[in-house]
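What you see is a predicted model, and the numbers here were worked out from it, not measured in a lab.
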Amino acid sequence: MITVLGPACAIAALTPALSGCTGTVPMEPAPRADDPACAEIIVRLPPTLGEQQKRRTNAQATGAWGRPASILLSCGVIEPEVSSQSCVTVDDVDWLVDDTDDPTYRFTTYGRSPATELVIDSTAVSGNSVLAEISPAVQRIPATKRCH
C-alpha cells in the first residue's frame, strides 16, 4: 500500500493506524512482503523501540510499536531508485527521509532489496533513536548500493 501511493498519501493512509487504540494494529502488506529476506528482519524486531512496546499487526512483514501506534514498519516495499530526498546513514544503513507530513516522518532503506519502510510519529519518539535500534535487524538485507 505504501509504495503504490505517493508519499503524502501513503502517510495519510497510515494515520488511522498511528492513532488507533485497538489491540491489533491494522496494516496492509507491502508488495514484496513475502520475500524471504523480510522474514529475516521480522524475527529480529526488538520488543521495544524508543521505549515504545511492540504490538501485534494483521499483515505479513509488518511491525508496530506504541499505544497508540507511533512507529510502523513494513518490509517488502519497492526499493527506491534515484531520489531527491535527503539520506541519513545510521549504523551502516542508508535511509531516505520524507518529512512531507512533519511531525510524521517516513524513512525508507536505500540500496537494499526488498526495502524496509518506517513511519514514525516524532511527537512520540525520536526517529534517530528508532533508526539506531532497528538497524541491526535491517542489516540482514545486504546493501547493494549507497546514497553517499
Look at E79 together with R112 and state whether they make a salt bridge at an N to O cut-off of under 4.0 Å.
->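 R112 and E79: not salt-bridged.
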
Table please: side-chain donor-acceptor pairs of residues 129-143 below 3.5 Å, with sequence neighbours left out.
residue	atom	partner	partner atom	Å
S129	OG	S126	O	2.9
E133	OE1	G50	N	3.1
E133	OE2	G50	N	3.1
S135	OG	V90	O	3.2
S135	OG	L131	O	2.6
Q139	NE2	D91	O	2.3
R140	NH2	E40	OE1	3.4

Donor-acceptor under 3.5 Å ([X] side chain, [Y] main chain):
| X | Y | answer |
| --- | --- | --- |
| T57 | V25 | no |
| W65 | P46 | yes |
| T109 | T116 | yes |

Look up atom [atom1] in [X] and atom [atom2] in [Y], then write down how far apart they are to the nearest 0.5 Å.
| X | Y | atom1 | atom2 | answer |
| --- | --- | --- | --- | --- |
| T144 | R146 | OG1 | CZ | 10.0 Å |
| D101 | S122 | CG | OG | 11.0 Å |
| M27 | S74 | CE | OG | 3.5 Å |
| F107 | S86 | CZ | OG | 8.5 Å |
| I42 | L45 | CD1 | CG | 4.5 Å |
| S70 | R55 | OG | CZ | 9.5 Å |

*Do the side chains of S113 and R32 get nearer than 4.5 Å, heavy atoms only?*
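Answer yes - side chains close enough.
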
Notebook entry, point to check: Closest approach of A30 and V77, non-hydrogen atoms and distance?
Noted result: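 Looking at all heavy atoms of both residues, the shortest contact is CB-N, 3.6 Å.
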
Notebook entry, point to check: Which pair of non-hydrogen atoms, one from C38 and one from G76, has the smallest distance, and what is that distance?
Noted result: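 Looks like SG-N, 3.3 Å.
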
List in chain and number order the residues that pass side-chain contact (heavy atoms from CB on, under 4.5 Å) with [X], two or more places apart in sequence or in another chain; answer none if no residue qualifies.
| X | result |
| --- | --- |
| T123 | P103, D121 |
| T48 | Q53 |
| L96 | P80, S83, Q85, C87, Y110 |

(message) Under the criterion side-chain contact (heavy atoms from CB on, under 4.5 Å), I'd like the reasoning laid out for D98 against Y105: C-alpha separation, chi angles, the key distance, then a yes or no.
(response) CA-CA 6 Å; D98 180 350; Y105 290 83; over 6 Å; no

Would you say the side chains of T100 and R106 form a donor-acceptor pair under 3.5 Å? no

Margin query: Would you say T89 and D94 are linked by a side-chain donor-acceptor pair, where the criterion is simply a distance under 3.5 Å?
Written below: yes

For this session: Could you tell me which residues satisfy salt bridge (charged side-chain N to carboxylate O under 4.0 Å, His left out) with K145, sequence neighbours excluded, listed by chain and number?
Result: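 Per chain and number, K145 pairs via salt bridge (charged side-chain N to carboxylate O under 4.0 Å, His left out) with E81.
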
For D34, the salt bridge (charged side-chain N to carboxylate O under 4.0 Å, His left out) test, sequence neighbours excluded, returns none

Determine whether more than 12 heavy atoms belonging to other residues, nucleotides or ligands lie under 6.0 Å from atom CZ of R56.
no

Result of checking I120, I71, L73 against L49 for side-chain contact (heavy atoms from CB on, under 4.5 Å):
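Of the listed residues I120, I71, L73, the side-chain contact (heavy atoms from CB on, under 4.5 Å) partner of L49 is I71.
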
